[in-house]
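Structure record follows, encoded as structure tokens.
For ligands, and for the atoms within them, numbers begin at 1 and follow the listed sequence.
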Amino acid sequence: MTDATDTSGVGIAVLVGAQWGDEGKGKLVDLLAERAELVVRYQGGNNAGHTIVHAGETFAFHLIPSGVLHEGTTCALGNGVVIDAMVLRREVEGLLERGIDIGDRLVVSPHAHLIMPYHVALDEAREMAAIAGERTGHPSAGVGTPGKDSAAIGTTRRGIGPCYADKTARRGVRVEDLFDPEHLRSRLEIALSETNVLLAHYGHEGFSVDAVLDGAMAHADFFRRYVADVGLLIDRTAARGGGVLLEGAQGTLLDIDHGTYPFVTSSSPVAGGACAGSGIGPTRIDRVIGVAKAYATRVGAGPFPTELFDATGDQLVERGGEFGTTTGRRRRCGWIDLVALRRAARVNGLTELAITKLDVLSGFEHVGVCDRYELDGELLEEFPALAADLYRASAEIELLPGWSEDVSAARSLDELPAAARALLDRIEASVGVPVTFIGVGQDRAAVLELAATPA
Ligand code: GDP
Ligand code: IMO
Ligand code: MG
């Protein structure tokens with residue numbers, strides 16, 4: 001590892017969560033946006049919570065791309081994003097109240113799907129029913145251990161799953177539908193004829209087409225100002241040498257295909273999703289940066305092999321401030337899982353790794369890493385292909401020496417304690433991807449940038 005000297009343009013770079021979300025993607029995007037003309041969200045919606053701390057101010061973005069604090073940066077929501085119009089508008093207004101005018105720097109794909117009030121109601125109703133069923137042991141709710149058979153996913157209840165389900169079933173409502181009220185009415189009639197039946201099943205009142213139509217049409221003028229072809233914009237920006245950042249939400253292990261299904265989100269956070277969700281081809285991508293914490297966290301239900309259930313886990317929660325940006329829930333914490341990270345490197349084709357929150361590990365006598373799982377007396381170096389095996393596998397934890405020094409002021413490798421460098425070397429060697437960023441604090445400036453020498 002060596003400190004970086006060349007910090008020029010980013011080309012077209014994808015920034016993806018390499019764990020279960022909340023890796024610090026927002027901070028990295030904000031940092032890199034200085035070198036980009038365009039930042040594009042390509043999937044997810046306001047289930048995301050991306051935190052940026054700059055000059056003593058904290059911002060939490062749910063929909064607006066994390067490059068917005070840089071005045072010269074255009075922020076786009078690609079076709080793969082699901083948009084709750086009220087949330088987007090509130091975010092735009094909230095920024096204005098803090099003196100940041102997004103003006104014409106926002107671009108929205110007309111093909112992005114809209115999260116409607118009935119999607120939020122259905123997400124909420126399903127989670128509530130699943131939780132109630134687990135308490136009472138109702139068979140239809142998935143009885144028993146809140147593990148593999150748990151019916152509750154612990155979603156953010158923002159309507160994400162139902163909206164993507166409607167998109168895939170071709171019952172969805174897209175941004176461009178707002179520009180044709182009669183067409184929108186027919187879309188809503190199709191959607192609500194089924195959704196109201198589902199809502200009734202959960203004891204929820206149905207939605208009237210007229211009310212939903214009126215509510216949606218109230219956003220038509222707002223969107224008219226911002227719609228454009230996002231793929232074309234990326235193409236043109238890149239052609240004139242302007243950097244483009246594709247900002248992933250959630251993380252690899254929450255991916256609908258490559259995550260720990262069914263405890264996943266309903267979109268494709270992986271780097272492959274960046275192309276489909278923004279409208280560019282895979283040959284255009286120059287860099288794929290995977291973001292991972294120096295330990296691991298997860299919010300909501302699902303397998304988490306390196307989870308700590310002891311005082312060390314509690315210390316990680318406290319020192320790392322591990323409470324959700326979107327829902328405020330306590331995040332489950334554990335040691336870094338290199339088996340899962342190797343898989344993330346492969347699935348995303350990572351060219352670089354950003355390791356965040358190294359500062360949180362200061363003061364631990366030992367720092368754990370997991371390089372292998374154990375299953376039926378055998379040691380596994382690769383993530384199990386079968387979900388059932390993942391539940392049965394246990395993480396083999398190796399304890400490396402910790403360090404007591406505060407690393408938050410470090411800006412170059414030689415300012416890090418030897419034990420911290422040893423941990424980073426171990427991650428790099430084990431994952432086989434060069435570490436190019438090291439986060440040592442919340443602030444934009446609290447980062448070390450390294451040259452991308454082959455791992
Ligand atoms: P995201 O969803 O991936 O953007 O991550 P979140 O914003 O949900 O959660 C990451 C949290 O860690 C935020 O509070 C960040 O401000 C914070 N953070 C990011 N990088 C670092 C770091 O290197 N050190 C510390 N202490 N905090 C960090
Ligand atoms: P960012 O972008 C962490 C989790 C939820 C739940 C599962 C499904 O901030 O990293 P959903 O509402 O998407 O249907 O919930 O996914 N989840 C996240 N966990 N960070 C996120 O986003 C998440 N977005 C969703 O907790 O387990
Ligand atoms: Mg987050």
Side chain, backbone, both or neither: which applies to [X] and ligand 2 if a contact is any heavy-atom pair less than 4.0 Å apart?
| X | result |
| --- | --- |
| Val264 | backbone |
| Thr156 | both |
| Arg298 | neither |
| Arg158 | neither |

Legend entry - Sub-4.0 Å atoms of ligand 1 with respect to non-hydrogen atoms of Lys27: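 Within the 4.0 Å cut-off of Lys27, ligand 1 contributes 19 (C), 20 (N), 23 (O).
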
Inset, instruction - Considering the heavy atoms of Gly439, write down every atom of ligand 1 situated less than 4.0 Å from one of them. - result: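 Answer for ligand 1: 23 (O).
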
Polar contacts were defined as any N/O atom of the residue lying under 3.5 Å from an N/O atom of the ligand; does this apply to [X] and ligand 1?
| X | result |
| --- | --- |
| Ala446 | no |
| Gln442 | yes |
| Gly26 | yes |
| Val53 | no |
| Lys25 | yes |
| Val360 | no |

Inset, instruction - Would you tell me which option among Ser266, Gly154, Ser66 has the nearest heavy-atom contact to atom 5 (C) of ligand 2? - result: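 Nearest heavy atom to atom 5 (C) of ligand 2 lies in Gly154.
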
Inset, instruction - Run down the list Thr260, Thr265, Asn47, Leu254 and name the one with the heavy atom closest to atom 17 (N) of ligand 2. - result: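 That would be Leu254.
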
Inset, instruction - Give yes if a backbone or side-chain nitrogen or oxygen of Thr155 is under 3.5 Å from a nitrogen or oxygen of ligand 2, and no if not. - result: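 Thr155 vs ligand 2: no N/O contact under 3.5 Å.
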
Legend entry - Arg331 touching ligand 2 at heavy-atom level, < 4.0 angstrom: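 Heavy atoms of Arg331 never come under 4.0 Å of ligand 2.
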
Inset, instruction - Give a yes/no verdict on whether any heavy atom in Phe263 is under 4.0 Å from an atom of ligand 2. - result: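 The answer is no, since Phe263 has no heavy atom less than 4.0 Å from ligand 2.
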
Inset, instruction - For the residue pair Thr306 and Phe304, establish whether any side-chain heavy-atom pair is separated by less than 4.5 Å. - result: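 Contact flag for Thr306/Phe304 side chains = yes.
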
Inset, instruction - Would you verify whether the NZ or CZ of Arg126 falls within 45 degrees of the ring axis of Tyr202 while also being under 6.0 Å from that six-membered ring's centre? - result: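 Not satisfied by the 6.0 Å and 45° rule.
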
Legend entry - Phe61 six-ring face occupied by Arg41 cation (under 6.0 Å, within 45°):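 The answer is no; the distance or angle limit is not met.
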
Inset, instruction - Could you list the atoms of ligand 2 found under 4.0 angstrom from a heavy atom of Ala48? - result: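 What qualifies from ligand 2 is 1 (P), 2 (O), 9 (O), 22 (O).
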
Legend entry - Protein contact of atom 10 (C) of ligand 1 - nearest heavy atom, named by residue and atom, plus distance: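 Going atom by atom, the protein heavy atom closest to atom 10 (C) of ligand 1 ends up being Asp22 O, 3.6 Å.
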
Inset, instruction - Identify, by name, the N, O or S atom of Asp22 lying closest to the Mg ion (ligand 3). - result: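 In Asp22, the heteroatom (N, O or S) nearest the Mg ion (ligand 3) is OD1.
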
Legend entry - Residue part near ligand 1, for Asp359, under 4.0 Å between non-hydrogen atoms: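 The answer is the side chain.
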
Inset, instruction - Could you label the plane-to-plane angle of the His219 and Phe223 rings as parallel, tilted or perpendicular, counting under 30° as parallel and over 60° as perpendicular? - result: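 Judged by the thresholds at 30° and 60°, the geometry between His219 and Phe223 is perpendicular.
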
